[in-house]
Amino acid sequence: MSIKFLSEDDRPREKFLLKGKSALSDSELLAIILGSGNTEESAVELAQKILKSVDNNWQNLSLLSIKDLMKFKGIGEAKAISIATALEIGRRKASQEIPEKLIIKSSEQAYKILLPHLSDLRTEEFWVIFLNQKNQLIKKTQISKGGISATHVDVRVLFKEALENFSTNIIVAHNHPTGVLTPSEADIRMTKNIQNAGEILDIKLLDHIIIGENSFYSFAEAGLL
């Protein structure tokens, strides 16, 4: 549905979905927090009036008290608190340092990250570590779980997750409940399928790790990748 066919109050939300948050003006962002306007003004118009009263400055807006905000028609206590809360979240975010992402430098490091998830299991599970171009950890997640001797991996699901997380490198892993770390023929075929699919999408498979109780097998270290 085109934005022009939506009500005035719904337009900022739809614009957010269609074009992204950076495309919204300050008044449109504030309008989303307000949710609605009053009998005379839409949420956007009310937001414009509030921002104009503080010279369109978020810092000045944060100095207004709940009572100050409630002087505007259509702003009750709940909306005033919502505005103040959003501004406080922004203040706290600005004061925090961006945490450094963990860089995966070795197969052993990847093994230690996944060991708590894959040790002491009676059935096989398949996990993926998603990394960016600098091999910084984006996330780790379970893709599938199976039986005692095998687990099915849908390569399409794996790479859908990789694309959604803007991952350019991946490390895959699964456990062998038997404790035998030697890869099976099925393990080798699965690894090759993942590697081939990754080459098409320009997402590199760095390693496939088989995890046992106290040790691991690395396809990369074994020269199989």
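For the pair D207 (side chain) and A220 (backbone), a donor-acceptor distance under 3.5 Å is present. Judged by distance alone, the side chain of N135 and the main-chain N or O of I103 form no donor-acceptor pair under 3.5 Å. A donor-acceptor contact shorter than 3.5 Å links the side chain of E45 to the backbone of S42. For the pair E199 (side chain) and L205 (backbone), a donor-acceptor distance under 3.5 Å is absent. Without hydrogens or angle criteria, R13 side chain to G35 main chain gives a donor-acceptor distance under 3.5 Å. Checked by atom type and distance alone, the side chain of D55 never pairs as donor or acceptor with a backbone atom of N57 at under 3.5 Å. Counting only distance, with no hydrogens or angles, the side chain of N165 and the backbone of S167 share no donor-acceptor pair below 3.5 Å.
For the atom pair OG (S62) and CD1 (I83), the distance works out to 12.0 Å, reported to the nearest 0.5 Å. Separation of atoms CD1 (I81) and CD1 (I75) is listed at 12.0 Å; rounding is to 0.5 Å. Of the inter-residue distances, the one linking E124 atom CD with L118 atom CG reads 10.0 Å to the nearest 0.5 angstrom. The distance from atom OG of S144 to atom NE2 of H152, rounded to the nearest 0.5 Å, is 7.5 Å. The structure places CD1 of I203 at 9.0 Å from CG of N169, a figure rounded to the nearest 0.5 Å. With rounding to the nearest 0.5 Å, the separation of OG1 in T168 from CG in D202 is 8.0 Å.
Results of the side chain to side chain contact (heavy atoms under 4.5 Å, CB included) test with L131 over I171, I170, I138 single out I171 as the only residue that passes.
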Would you sort out whether Q142 and H117 count as a side chain to side chain contact (heavy atoms under 4.5 Å, CB included), showing the intermediate values?
CA-CA 9 Å; Q142 180 198 87; H117 302 287; over 6 Å; no

Can you check side chain to side chain contact (heavy atoms under 4.5 Å, CB included) on K140 and V128, steps first, answer last?
CA-CA 6 Å; K140 58 183 187 295; V128 182; over 6 Å; no

Stepwise side chain to side chain contact (heavy atoms under 4.5 Å, CB included) check, I32 with L24:
CA-CA 10 Å; I32 291 177; L24 272 65; 3.4 Å; yes

List the steps, then state whether side chain to side chain contact (heavy atoms under 4.5 Å, CB included) holds for I104 with I113.
CA-CA 9 Å; I104 307 299; I113 289 172; 3.1 Å; yes

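The minimum heavy-atom distance linking I188 with P183 is given by the pair CG1-CB, 4.3 Å. Between A110 and I129 the shortest heavy-atom distance is CB-CD1, 3.9 Å. Here the shortest heavy-atom pairing between S215 and Y111 reads N-OH, 3.4 Å. The two residues L46 and G37 make their nearest non-hydrogen contact at CD2-CA, 4.1 Å. Considering all non-hydrogen atoms of both residues, F159 and A197 come closest at CE1-CB, 3.6 Å. Of all heavy-atom pairs spanning F216 and S107, the tightest one is CE1-CB, 4.0 Å.
Under the 4.5 Å side-chain heavy-atom criterion for grouping Ile, Leu, Val, Met, Phe, Trp and Tyr, L64 is connected to L87 within one hydrophobic cluster. Under a hydrophobic clustering in which Ile, Leu, Val, Met, Phe, Trp and Tyr are joined whenever their side-chain heavy atoms come within less than 4.5 Å, directly or via other members, L121 and L114 fall into the same cluster. No path of Ile, Leu, Val, Met, Phe, Trp and Tyr side chains, each step under 4.5 Å between heavy atoms, connects I66 with L34, placing them in separate hydrophobic clusters. One hydrophobic cluster, built from ILVMFWY side chains closer than 4.5 Å, holds both W58 and V54. Linking Ile, Leu, Val, Met, Phe, Trp and Tyr whenever their side-chain heavy atoms come within less than 4.5 Å puts L225 and V153 in one cluster.
F72 has its side chain within reach of S53: a pair of non-hydrogen atoms, C-beta onward, lies under 4.5 Å apart. When side chains are defined from C-beta on, F126 does not count as touching K145, because their heavy atoms never get closer than 4.5 Å. Proximity of K134 to K101: side-chain heavy atoms (C-beta onward) are nowhere separated by under 4.5 Å. In this structure, V172 and I209 have side chains that are not in contact, with every pair of non-hydrogen atoms separated by 4.5 Å or more. Contact annotation: the side chain of H174 never approaches that of I211 to less than 4.5 Å [non-hydrogen atoms, C-beta and beyond]. Proximity of T123 to P177: side-chain heavy atoms (C-beta onward) are nowhere separated by under 4.5 Å. Considering only heavy atoms from C-beta on, K49 comes within 4.5 Å of E41 through its side chain. Using a 4.5 Å cut-off on side-chain heavy atoms (C-beta onward), T191 and L224 make no contact.
Using a 3.5 Å distance cut-off with no hydrogens or angles, the side chains of D187 and H176 do pair a donor with an acceptor. A donor-acceptor contact closer than 3.5 angstrom links the side chains of S36 and K79. Remark: the K112 side chain and the Q109 side chain contain no N/O donor-acceptor pair separated by less than 3.5 Å.
For Y217, the ring pair (Phe, Tyr, Trp, His ring centres under 6.0 Å) criterion is met by F219, not counting sequence neighbours. Partners of S25 according to the side-chain contact (heavy atoms from CB on, under 4.5 Å) rule, which considers only residues two or more places apart in sequence or in another chain, are S27, E28.
Annotation: E77, atom CD; neighbour count of heavy atoms from other residues, nucleotides and ligands within 6.0 Å does not exceed 12. Annotation for E100: atom CD does not count as buried by contact number, only 12 or fewer foreign heavy atoms lying within 6.0 Å.
Look at R91 and E88 and you find a salt bridge, because one of the NZ, NE, NH1 or NH2 atoms lies within 4.0 Å of a carboxylate O, short of that distance. Of the charged side-chain nitrogens involved, at least one lies within less than 4.0 Å of a carboxylate oxygen, so that E40 and K73 count as a salt-bridged pair.
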